[in-house]
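On a predicted model such as this, the values are computed, not experimentally measured, just so you know. Each chain gets a letter, A, B and so on, in the order its sequence line appears, and its residues count up from 1.
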Protein chains: 4
Amino acid sequence: MPSKLRKQADIEKKQKTKKNLLDSAIKVFLLKGYHKTKISDIVTKAEVGQGTFYRYFNSKREIFEELLKELTEEIVLEFSSGNLNMKITPKTFTEYMDMSKAAFLQLVPIIDRNKDRVQLFLRDASTIDQDFEDEINEIFDQFVLLAKYYLDNAIENNFIRKCDTKIVAELIIGIVIHTLKNWLNNKYNNLHIEELVIESIKLVFLGLKI
Amino acid sequence: MPSKLRKQADIEKKQKTKKNLLDSAIKVFLLKGYHKTKISDIVTKAEVGQGTFYRYFNSKREIFEELLKELTEEIVLEFSSGNLNMKITPKTFTEYMDMSKAAFLQLVPIIDRNKDRVQLFLRDASTIDQDFEDEINEIFDQFVLLAKYYLDNAIENNFIRKCDTKIVAELIIGIVIHTLKNWLNNKYNNLHIEELVIESIKLVFLGLKI
Amino acid sequence: MPSKLRKQADIEKKQKTKKNLLDSAIKVFLLKGYHKTKISDIVTKAEVGQGTFYRYFNSKREIFEELLKELTEEIVLEFSSGNLNMKITPKTFTEYMDMSKAAFLQLVPIIDRNKDRVQLFLRDASTIDQDFEDEINEIFDQFVLLAKYYLDNAIENNFIRKCDTKIVAELIIGIVIHTLKNWLNNKYNNLHIEELVIESIKLVFLGLKI
Amino acid sequence: MPSKLRKQADIEKKQKTKKNLLDSAIKVFLLKGYHKTKISDIVTKAEVGQGTFYRYFNSKREIFEELLKELTEEIVLEFSSGNLNMKITPKTFTEYMDMSKAAFLQLVPIIDRNKDRVQLFLRDASTIDQDFEDEINEIFDQFVLLAKYYLDNAIENNFIRKCDTKIVAELIIGIVIHTLKNWLNNKYNNLHIEELVIESIKLVFLGLKI
DNA sequence: CATGAATGAGGATTCATTCAT
DNA sequence: CATGAATGAATCCTCATTCAT
């Protein structure tokens, strides 16, 4: 009986169509911006019928939501996998600095795999509605909290000078996000992101003092 | 003849109406976001007829453009007035740091006077169209260039360590903008912006080293 | 007391303003067509305020009506003055033909004085509303009736061949109007209207036969 | 798979809807005039939604344009099919006259099939914009050129008297168009168009001479 | 399940007309 | 009397969404 195979094929086809729509959506969103993008732009890009869109998503907002969800899930996964946690307890200022560098560099592959999405969310998400703005801010805040936790820890262990760790954590995340945006906008044309990370870490840890 | 007085009165009335529309627009934009704002929202807020809007602006984009223009003009004025330039040549690292602090603090009143606009542009301008995104980036770039100029100068005079001044300038502006956004979003509820500036400068100049 | 003089001056000024508006209106109507013309176009051309228009006319239709009235009155005057009537009873076919030629040539100066109006009415009047279409047709019909009267007369006197004078009268007026339109559109660039009249009369009276 | 049949059915449906809109448009245009007609009048007549109009046409002007295009194409087809050319070389003045009569009579069925359109264009087209006025004039000019060609030919063969063929051709077309307008306006209530053609030809060829 | 024609509510835009100065 | 700023009704036009095939 082919019915089972048929069903399997159907499911695969459906998943393919959905992925096709998601991929098309992100391309168009990125090019025209979320607000200027029409459903018809997405289905034209995906080369499917207008009605097909509504078999998979209820609205433009929903497909955007799903795009964001995929990204945040990947980040959360990376977080919860413990990859971002310090595995070795640093013993010196330099070790602590190197470890921080390593922590940021671990995020690079995720961002590299999701360049389009990251760029889209950094630009458009906060202008859609309050819920999205909140969600974006929550993600940022998590990074801030993580950074603060490290900073507090480092001060306790006397690796770094005393400071208002809440503010400094925000400043660090501020650097990261702005740098990321510039990099995604190809502002540092021939520069590898690793170099940016290294220079950032050096600035934060060593400052500009000779 | 009263014709001249009449005309004068008319001109003042027109300017008042236009200002009313601009003020109303910024309030509504800020509350609902540029994209969700309808012309009818603006005229309702301004308590004028729908047609009145079109006597002064051709579209929603145009009124936004004018709001941006007013802000950039004020900034450019501040720039060109030389207020942002170093007046005293610093002689030591500390003098240089203090001077930088002072430079940033000079921007604070402009931002304070234009809180709404600044917040609006940082959030919405880049999502309207490419032209706006470019314009915003151009403004940022000017600050980056200024920062780079100072950095180059400081390195030449041996006040600070050698570094890739282009990147570091971007990092500094990144800190500033992100901090600004957070502050405008009332993230640092009870914190004075001066404290943020001071902490930022300290981070950039001294790093986290003990 | 200057009050009387003042009043006189006021009246003259009013007449001047009204004439200014009428002249401006016809120019704009001719250029953009009645329907595409806005009141604002007319007052801009006349260099008066928007409100001034409404001191003299209640609507766009009314100013058009007045323009038409002036023309029809002039034509009616010419008619009633008897200028268009045969003064001499023709005695031969040739005399009759010459007389007809003269009758048409008498209309030339009126048309020449009112070129703009004639062109405007021939093009736009019938598209404004039924009343205007009727009025235009009535004018045409009067000419047709006149022509028919002459034709009947001529047949009775054995100057011309028998024919359906209603139809032929219409045909003759058709020739005249179409020729007029072409001439007003500068289709016969270097041709004097007299030549057109002569050729027309020749065609109607003599046909193409050798 | 039914996809092909489906598509076929869709295409037919679309064509039907479009035709429905075109038919409705012409009816409303004719009744209210082009300028007084609103898009909503057309869709109400066609009994479709407002948005449906915009699936097929971008504006009122565009649907009018398409109506005109259909008519001109039919005329051009008739022209190029050679039906309007002389098939038999006339040998006498009478033969030439009969042939001319036949030529005009050949146009009658086209006009009869397209009464509405012809009437619409003769009345409204020239009041829409310059482009339309030009297009209309071009069509008239083609007929003038054809008439002139015949006249030149006839003079060469000594069938008719010498004359300014350009002017006379214009005069003839003027007769035709004016007559046509009157006929379409039901001015000759009980008169068959053939009678009009015959009387016109007689006038042009034989004149009024006995 | 896929399709795309049809829909109409929502929002933008125009312009004749009013009226306070 | 002249003015032109203000008005809002009228109309255009878009596009997310539905639904019959």
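The existence of a salt bridge linking Arg61(C) and Glu65(C) is confirmed by a sub-4.0 Å separation between a basic side-chain nitrogen and an acidic carboxylate oxygen. Residues Asp23(D) and Lys19(D) are paired through a salt bridge, judged by an N-O separation under 4.0 Å between the basic side chain and the carboxylate. Taking 4.0 Å as the cut-off between side-chain N and carboxylate O, Lys32(C) and Asp41(C) count as a salt-bridged pair.
In this structure, CD1 of Ile63(D) is placed 13 Å from P of dC13(F), rounded to the nearest angstrom. Protein atom NZ of Lys32(A) is 9 Å distant from nucleotide atom P of dC15(F), rounded to whole Å. What separates CD1 of Ile11(B) from C1' of dT21(E) is a distance of 15 Å, to the nearest Å. For the pair Ile42(D) CD1 and dA6(E) C1', the computed distance is 17 Å after rounding to whole Å. What separates CD of Glu62(D) from C1' of dC13(F) is a distance of 13 Å, to the nearest Å. Atoms CD (Glu12(D)) and P (dT3(E)) sit 21 Å apart, rounded to a whole Å.
Of the candidate nucleotides dT3(F), dA2(F), dG4(E), dG4(E) has the atom lying nearest to any side-chain atom of Arg55(D).
Looking at heavy-atom distances under 4.0 Å, Val48(A) makes contact with sugar-phosphate atoms alone, never a base.
Judged purely by atom type and a 3.5 angstrom limit, Thr52(B) has no side-chain atom pairing as donor or acceptor with the backbone of Val48(B). The backbone N or O of Arg117(A) lies less than 3.5 Å from no partner atom in the side chain of Asn114(A), so there is not a single donor-acceptor pair.
The side chain of Lys14(D) places an N or O atom within less than 4.0 Å of a non-bridging phosphate oxygen (OP1 or OP2) of dA5(E). Between dC1(F) and Tyr56(C), no contact under 4.0 Å exists linking OP1 or OP2 to a side-chain N or O.
The shortest side-chain heavy-atom distance between Lys60(A) and Lys38(A) does not fall under the 4.5 Å cut-off.
Ring to ring, Phe121(D) and Phe64(D) are close: their centroids are under 6.0 angstrom apart.
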Per-nt protein contacts along nucleotides 9-14 of chain E (heavy atom under 4.0 Å; B base, S backbone sugar-phosphate only, - none) come out as --SSBB
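Pair assignment for dT13(E): dA10(F), on the basis of Watson-Crick or G-U wobble contacts that are both within less than 3.5 Å. Of the nucleotides present, dT21(F) is the one that pairs with dA2(E) by Watson-Crick or G-U wobble criteria, both distances under 3.5 Å.
Between Glu47(A) and Thr17(D), it is Glu47(A) whose nearest contact on DNA chain E lies nearer the 5' terminus.
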